[in-house]
Protein chains: 2
Amino acid sequence: MDLRHLRYFVTVAEEGHITRAAERLGIQQPPLSQQIRALETELGVQLFRRKPRGVELTDAARALLGDARRILGDVDGALAKVRRTARGEQGRIVVGFTSSAPFHPFVPKVLRVFRDGHPRVSMVLEEGGTADLVAALREERLDAAFIRSPVPDGEGVAVHALLREPMCAALPAGHALVRRTRGRTLRLADLALEAFVLYRRVSGPGLYDAIFRACHDAGFVPRIEQEAPRIVATLNLVASGLGVSIVPRSLSAMRLPGIAFRPLARATHLTAPIGLACRTVDHSAAARNFVSVVRRKAREEGRGGS
Amino acid sequence: MDLRHLRYFVTVAEEGHITRAAERLGIQQPPLSQQIRALETELGVQLFRRKPRGVELTDAARALLGDARRILGDVDGALAKVRRTARGEQGRIVVGFTSSAPFHPFVPKVLRVFRDGHPRVSMVLEEGGTADLVAALREERLDAAFIRSPVPDGEGVAVHALLREPMCAALPAGHALVRRTRGRTLRLADLALEAFVLYRRVSGPGLYDAIFRACHDAGFVPRIEQEAPRIVATLNLVASGLGVSIVPRSLSAMRLPGIAFRPLARATHLTAPIGLACRTVDHSAAARNFVSVVRRKAREEGRGGS
DNA sequence: CCATATCATATGTTTTTGATATGTATAATG
DNA sequence: CATTATACATATCAAAAACATATGATATGG
């Protein structure tokens with residue numbers, strides 16, 4: 001059996017005429033007669049009754065016609081689908097997040113942009129620590145991940161810097177500094193004597209080290225009172241009055257009760273990056289498309305926002 | 001595109017291995033490599049990543065694999081269906097009836113036998129007068145018809161005699177003869193003076209003429225009071241007391257109120273035939289099967305019943 | 001670093017497909 | 001009723017496709 005046989009058969013059945021069908025198929029009549037006969041022989045079934053003015057379908061042919069049409073249509077559909085998948089217009093991608101990433105408006109925005117541009121690509125979102133995300137990326141359980149670390153590069157995984165956002169101080173609502181700084185920025189030195197709550201270095205060394213360095217530049221060594229596994233947990237600890245913290249500014253959108261956010265003075269140069277981790281060679285076209293959409297959007301954002 | 005390509009593709013995808021797939025397909029490895037490459041070129045899509053220990057499916061290949069399997073299965077299914085149709089195990093037949101035929105138990109019985117033996121053949125039943133049935137047969141709107149006429153043969157339509165059943169007299173319930181013949185047979189001569197209700201000669205000349213001839217043999221010319229379009233209508237007229245009639249015995253199973261049936265004396269040799277009309281050359285295997293089942297069953301019945 | 005496994009390439013052979021020329025049968029036509 | 005036209009079948013040849021064999025390239029694993 002061969003798709004050619006089905007195509008020839010359908011055309012002959014539609015024309016009721018071998019010669020005309022051959023014309024439509026762009027071949028000569030004798031080969032078409034032969035192919036039809038070959039099909040009949042293979043099936044062991046007569047498909048057409050040869051009349052002096054054309055051919056007539058048998059019951060068997062009528063039974064086959066519908067199926068043949070459907071099969072040919074299915075084949076076309078399948079091929080189109082493969083091409084779409086290869087172009088990345090169809091498929092599935094799994095996107096990972098560091099817990100704090102989705103708070104920055106850029107992330108949900110770019111997800112929506114991609115979804116609108118690739119409606120046949122289904123997206124699965126997954127939260128996790130930076131290390132887990134990178135491992136998952138390497139094991140192909142993930143196609144890309146929004147992370148905050150600037151440099152867990154290497155071994156098949158690359159991180160594209162997308163944008164940086166200022167950080168801000170998170171203070172317990174009743175703290176003395178809250179009143180004193182109402183409507184003003186805070187200098188890092190103001191926090192020199194405070195207890196700090198930071199999220200664990202292993203979970204994301206990038207931010208941790210950056211904060212440490214900034215404090216050092218401001219002339220003090222932060223007293224780390226407590227570490228939390230995630231940024232959100234950090235905020236909860238701050239809310240319970242265990243200390244102050246420094247977090248990406250987008251977190252302030254949370255409006256947690258018991259927490260007051262204060263911008264930091266510009267001079268600190270303390271910013272939190274958002275990066276997109278992905279495989280250096282990625283076989284999934286959908287994933288490649290996703291990465292390029294995100295990076296392009298980030299560049300546009302950078303121009304528009306600065 | 002070619003079914004061979006799909007078959008090769010599915011095998012390679014399942015084995016993850018061109019060499020092993022070639023083995024399973026009964027061909028050598030180089031042609032298989034070529035065919036896969038040709039398929040990729042035609043699609044403009046890479047389907048496999050060649051690794052030193054086999055090949056790996058791309059997203060596109062995974063997308064195609066399901067469709068390819070389904071299509072190959074559909075093709076097999078379609079071919080099987082064509083063969084079944086050609087053998088008459090699948091399809092549709094339209095069977096006609098003269099209105100009185102289904103009263104004889106043979107008819108429903110043989111229909112059930114055929115249905116049990118050919119579960120994939122759907123049957124459509126159609127009632128009509130003998131002339132209509134034969135015309136429909138000729139125009140291929142019908143595949144076979146149970147009729148009572150012995151001889152509307154000719155022009156592509158043949159009638160196979162199936163069996164004969166005795167006829168009986170149908171009398172209005174209050175008629176004097178009913179009481180006089182309780183538990184006995186009736187001789188035709190007893191009806192010499194009665195008014196007759198017969199169904200129209202044009203609707204079925206066979207029975208009409210047979211009855212006329214039998215009366216003639218019994219020494220009288222029946223007085224036809226009324227004609228009805230169908231046998232069932234005839235009985236209704238008898239029930240209203242318009243006259244007596246002579247009908248196939250199987251009609252007595254109706255147990256109409258107002259009608260008494262009386263067997264006729266054997267000597268009358270008045271029997272009603274049941275025949276099966278069909279085309280002399282029939283292209284539908286299902287129809288041919290139906291005719292042969294009915295005829296075989298009739299022969300068995302004839303042996304068993306006599 | 002060598003042996004092994006696996007896919008790719010090159011080249012020749014076989015099979016399949018299609019084209020041309022011709023034959024045959026049936027319906028339409030004068 | 002003979003003739004013509006139409007359409008399918010058959011025969012033969014040419015072209016293309018598929019396959020086989022031999023060999024090369026490459027990466028893995030001991």
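Naming convention: chains lettered A, B, ... in sequence-line order (proteins, then strands); numbering from 1 in each chain. It should be emphasised that the depicted structure is a prediction, and the values quoted were computed from it without experimental measurement.
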Determine: side-chain N/O of [X] to OP1/OP2 of [N], distance under 4.0 Å, yes or no.
{"X": "A:Gln29", "N": "D:dA7", "result": "no"}
{"X": "A:Arg53", "N": "C:dT26", "result": "no"}
{"X": "A:Arg37", "N": "D:dT10", "result": "yes"}
{"X": "A:Ser33", "N": "D:dA9", "result": "yes"}
{"X": "A:Arg50", "N": "D:dA7", "result": "no"}
{"X": "A:Thr19", "N": "D:dC8", "result": "yes"}
{"X": "A:Gln34", "N": "D:dT10", "result": "no"}

Using whole Å, what does the distance between atom [atom2] of nucleotide [N] and atom [atom1] of [X] come to?
{"X": "A:Glu15", "N": "D:dC8", "atom1": "CD", "atom2": "C1'", "result": "16 Å"}
{"X": "B:Glu42", "N": "D:dA17", "atom1": "CD", "atom2": "C1'", "result": "14 Å"}
{"X": "B:His5", "N": "D:dA17", "atom1": "NE2", "atom2": "C1'", "result": "9 Å"}
{"X": "A:His17", "N": "D:dA7", "atom1": "NE2", "atom2": "P", "result": "4 Å"}
{"X": "B:Gln28", "N": "C:dC7", "atom1": "CD", "atom2": "P", "result": "14 Å"}
{"X": "A:Ile36", "N": "D:dA9", "atom1": "CD1", "atom2": "P", "result": "10 Å"}
{"X": "A:Leu32", "N": "D:dT10", "atom1": "CG", "atom2": "P", "result": "14 Å"}
{"X": "B:Leu39", "N": "D:dA18", "atom1": "CG", "atom2": "P", "result": "11 Å"}

Which part of the nucleic acid does B:Pro52 contact within heavy-atom distance under 4.0 Å: base, sugar-phosphate only, or nothing?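 Touches sugar-phosphate only.
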Which is true for B:Phe48 with a 4.0 Å heavy-atom rule: it touches a base, it touches only sugar-phosphate, or it touches nothing?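 Result for B:Phe48 = nothing.
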Other residues, nucleotides, ligands: >12 heavy atoms within 6.0 Å of B:Arg50 CZ: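 Correct, the count exceeds 12.
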How about B:Glu14: does its CD atom have over 12 heavy atoms from other parts shown lying under 6.0 Å from it?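 For B:Glu14, atom CD is crowded (more than 12 foreign heavy atoms under 6.0 Å).
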Determine the interplanar angle of the B:Phe9 and B:Phe48 rings, folded into 0 to 90°, and report it as parallel if under 30°, tilted if 30 to 60°, perpendicular if over 60°.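 Answer is tilted, since the angle falls between 30° and 60°.
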Of the options D:dC19, C:dT17, C:dA19, whose atoms approach the side-chain atoms of A:Ile27 most closely?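 The nucleotide sitting nearest to the side chain is C:dA19.
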Kindly point out which of D:dC8, D:dA7, C:dA19 is positioned nearest to the side chain of A:Ile18?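 Selected nucleotide (nearest to the side chain): D:dC8.
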For B:Asp59 and A:Ser284, test the side chains for any donor-to-acceptor distance below 3.5 angstrom and give the result as yes or no.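 Note: B:Asp59 and A:Ser284 side chains meet the donor-acceptor criterion.
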Between A:Ser33 and A:Gln29, is any side-chain donor less than 3.5 angstrom from a side-chain acceptor?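 There is such a pair (donor and acceptor under 3.5 Å, judged by atom type) between the side chains of A:Ser33 and A:Gln29.
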